[in-house]
Amino acid sequence: MGRIIAVANQKGGVGKTTTTINLSACLAEKGKNVLTIDIDPQGNTSSGLGVKKNELSFTVYDLIIGNCSIEECLVENVYENLSLLPSNVNLAGAEIELIGVEEREFILKKEIEKVRDKYDFIIIDCPPSLNTLTVNAMTTADTVLVPIQCEYYALEGLSQLIHTINLVRQRLNPQLEIEGVVFTMYDARTNLSLQVVENVKQNLEQNIYKTIIPRNVRLAEAPSHGLPINIYDPKSAGAEGYRDLADEVIEKK
């Protein structure tokens with residue numbers, strides 16, 4: 001059975017999509033069979049993996065509203081060992097179309113159960129909000145991985161996210177756990193980055209990954225080329241960071 005990890009934080013710009021793309025790619029590089037699910041209407045994970053998201057016949061939107069099967073939506077072997085359920089702006093309409101639909105919180109879960117045993121890891125990129133799509137991701141997932149940017153407002157909104165995870169656990173998915181927190185955009189030259197890490201460690205009882213993802217120009221450039229960092233610049237600090245994170249995630253299994 002594949003391990004399903006939702007990458008979530010309702011705060012935007014913390015490195016959710018970057019983490020989804022590069023953790024998926026580094027797990028695949030290590031020989032794991034990975035499915036990445038883009039459940040963000042911005043579709044940045046899809047384009048960041050080199051998929052032309054606006055030229056697709058079917059996306060996660062079609063899957064959720066029942067227009068296609070999971071096999072029709074799947075883009076297989078985007079890279080070796082890595083497949084994708086893509087998304088584009090059409091997904092923004094799903095929220096309204098699902099109003100009144102029975103068990104709408106479990107639509108994604110029911111679809112993913114059909115293919116779960118084909119993968120070692122299933123990584124879900126969530127939108128930067130706590131809406132029906134995010135709840136679908138959390139009812140599907142075993143754990144939630146929370147990227148936190150090393151900046152002043154890092155803890156803001158985190159308590160709200162943890163509250164949401166607890167609510168989902170109580171009402172929809174009793175098995176849901178917090179996978180852990182990963183620090184992103186760490187700048188070793190600033191005291192602030194160091195203070196944020198210490199502050200979060202003191203205030204958070206959750207598992208915190210040892211790996212800290214550095215602020216890295218190559219990491220920022222890679223999505224515009226439609227490549228994960230381990231392919232765009234395999235020797236960069238960003239690539240090494242996500243390989244280390246992948247190792248930690250694998251060890252937790």
Side-chain angles (χ1 to χ4, degrees), residues 1-12 14-28 32-49 51 53 59-64 70 73-76 78 81-88 91-92 94-95 98 104-147 161 164-165 168-169 172-173 175-182 184 228 242 245-246 249-250 252-253:
M1 292 283 275
R3 188 163 134 214
I4 306 178
I5 303 171
V7 181
N9 189 335
Q10 75 270 30
K11 197 169 182 303
V14 297
K16 276 192 302 297
T17 299
T18 302
T19 296
T20 302
I21 291 169
N22 295 306
L23 174 58
S24 297
C26 289
L27 287 167
K32 302 298 179 184
N33 202 12
V34 182
L35 172 63
T36 305
I37 304 174
D38 189 354
I39 202 167
D40 184 348
Q42 292 176 51
N44 290 341
T45 291
S46 302
S47 54
L49 285 170
V51 171
K53 59 189 178 187
T59 64
V60 166
Y61 165 74
D62 298 285
L63 183 66
I64 283 176
I70 193 160
C73 178
L74 195 64
V75 183
E76 294 200 67
V78 180
N81 300 326
L82 177 57
S83 297
L84 173 72
L85 285 177
S87 163
N88 60 25
L91 189 57
E95 188 86 9
L98 291 176
R104 62 182 182 152
E105 298 90 352
F106 298 100
I107 293 171
L108 186 66
K109 180 183 175 69
K110 287 173 183 169
E111 293 297 334
I112 297 310
E113 288 299 326
K114 298 172 188 174
V115 298
R116 180 173 184 163
D117 58 359
K118 294 180 183 174
Y119 300 98
D120 299 308
F121 289 94
I122 298 173
I123 313 287
I124 310 174
D125 186 24
C126 298
S129 57
L130 300 173
N131 58 16
T132 305
L133 296 170
T134 305
V135 171
N136 258 276
M138 288 188 185
T139 54
T140 306
D142 303 314
T143 58
V144 181
L145 176 65
V146 186
L161 178 66
T164 301
I165 292 168
V168 171
R169 186 188 296 132
L172 301 167
N173 182 2
Q175 276 74 48
L176 188 67
E177 292 179 6
I178 295 180
E179 172 82 17
V181 168
V182 60
T184 62
Y242 277 109
L245 180 63
V249 169
I250 291 166
K252 278 197 76 181
K253 196 159 187 176

Could you tell me whether a side-chain N or O of Lys252 sits under 3.5 Å from a main-chain N or O of Glu179, the two making a donor and an acceptor? yes
So which heavy atom on Ala141 is nearest to which on Leu176, and how close? O-CD1, 3.6 Å
Here the pair of heavy atoms bringing Gly15 nearest to Tyr242 is O-OH, 4.4 Å
Of all the heavy-atom pairs spanning Val75 and Pro86, show the shortest one and how long it is. CG2-CG, 3.8 Å
Look at the side chain of Lys53 and the backbone N and O of Thr45, then say whether any donor-acceptor pair between them is shorter than 3.5 Å. no
Please tell me if the side chains of Ile70 and Leu63 come closer than 4.5 Å, counting only heavy atoms from C-beta onward. yes
About how many Å separate CD1 of Ile122 and CG of Asn33, when rounded to the nearest 0.5 Å? 9.5 Å
Could you pull out the closest heavy-atom pair between Ser24 and Thr20, with the gap in Å? OG-O, 2.6 Å
Measure the shortest side-chain to side-chain distance between Leu23 and Leu145 over non-hydrogen atoms and say whether it is less than 4.5 angstrom. yes
Who are the side chain to side chain contact (heavy atoms under 4.5 Å, CB included) partners of Gln175, not counting sequence neighbours? Asn173
Sequence neighbours excluded, which residues qualify as salt bridge (Lys or Arg N to Asp or Glu O under 4.0 Å) partners of Lys109? Glu113
Side-chain (Asn22) to main-chain (Pro228) donor-acceptor, under 3.5 angstrom: no
Ser87: what forms a side chain to side chain contact (heavy atoms under 4.5 Å, CB included) with it, not counting sequence neighbours? Asp38, Ser46, Leu91
So CD of Gln42 and CG of Asn88: to nearest 0.5 Å the spacing works out to 12.0 Å
With a 4.5 Å limit on heavy-atom distance, are the side chains of Asp40 and Pro128 in contact? yes
Quick one, Ile165 and Met138 - any side-chain contact, counting heavy atoms below 4.5 Å? yes
Apply side chain to side chain contact (heavy atoms under 4.5 Å, CB included) to Asp142 and list each qualifying residue two or more places apart in sequence or on a separate chain. Arg3, Ile4, Arg116
Are Ile21 and Asn44 side-chain neighbours, meaning at least one heavy-atom pair lies under 4.5 Å? no
Nearest 0.5 Å please: distance from the CZ atom of Phe121 over to the CG atom of Leu27. 5.5 Å
Decide yes or no for Cys26 and Leu245: does some side-chain heavy atom of the first lie under 4.5 Å from some side-chain heavy atom of the second? no
Which atom names give the shortest non-hydrogen contact between Ala8 and Leu161, and what distance separates them? O-CD2, 3.6 Å
Leu133 versus Pro41: any side-chain heavy-atom pair under 4.5 Å? yes
On a heavy-atom basis, which atom in Val51 and which in Leu84 lie closest, and how many Å separate them? CG2-CD2, 3.6 Å
Run the side chain to side chain contact (heavy atoms under 4.5 Å, CB included) test against Thr132 and tell me which residues pass, sequence neighbours left out. Glu95, Leu98, Arg104, Asn136
Per the salt bridge (charged side-chain N to carboxylate O under 4.0 Å, His left out) rule, what does the pair list look like for residues 122-139, sequence neighbours excluded? none
In Å, rounded to the nearest 0.5 Å, how long is the span from CD1 of Ile123 to CD1 of Ile5? 4.0 Å
Does Leu85 form a side-chain contact (heavy atoms from CB on, under 4.5 Å) with Leu74? I'd like the steps, not just the answer. CA-CA 5 Å; Leu85 285 177; Leu74 195 64; 3.7 Å; yes
Any Leu108 side-chain heavy atom under 4.5 Å of Ile39 side chain: yes
More than 12 heavy atoms of other residues, nucleotides or ligands under 6.0 Å from NZ of Lys118: yes or no? no
Step by step, work out the side-chain contact (heavy atoms from CB on, under 4.5 Å) result for Thr18 and Thr184. CA-CA 9 Å; Thr18 302; Thr184 62; over 6 Å; no
Just how far is it from atom NZ of Lys110 to atom CD1 of Ile112, taken to the nearest 0.5 Å? 13.5 Å
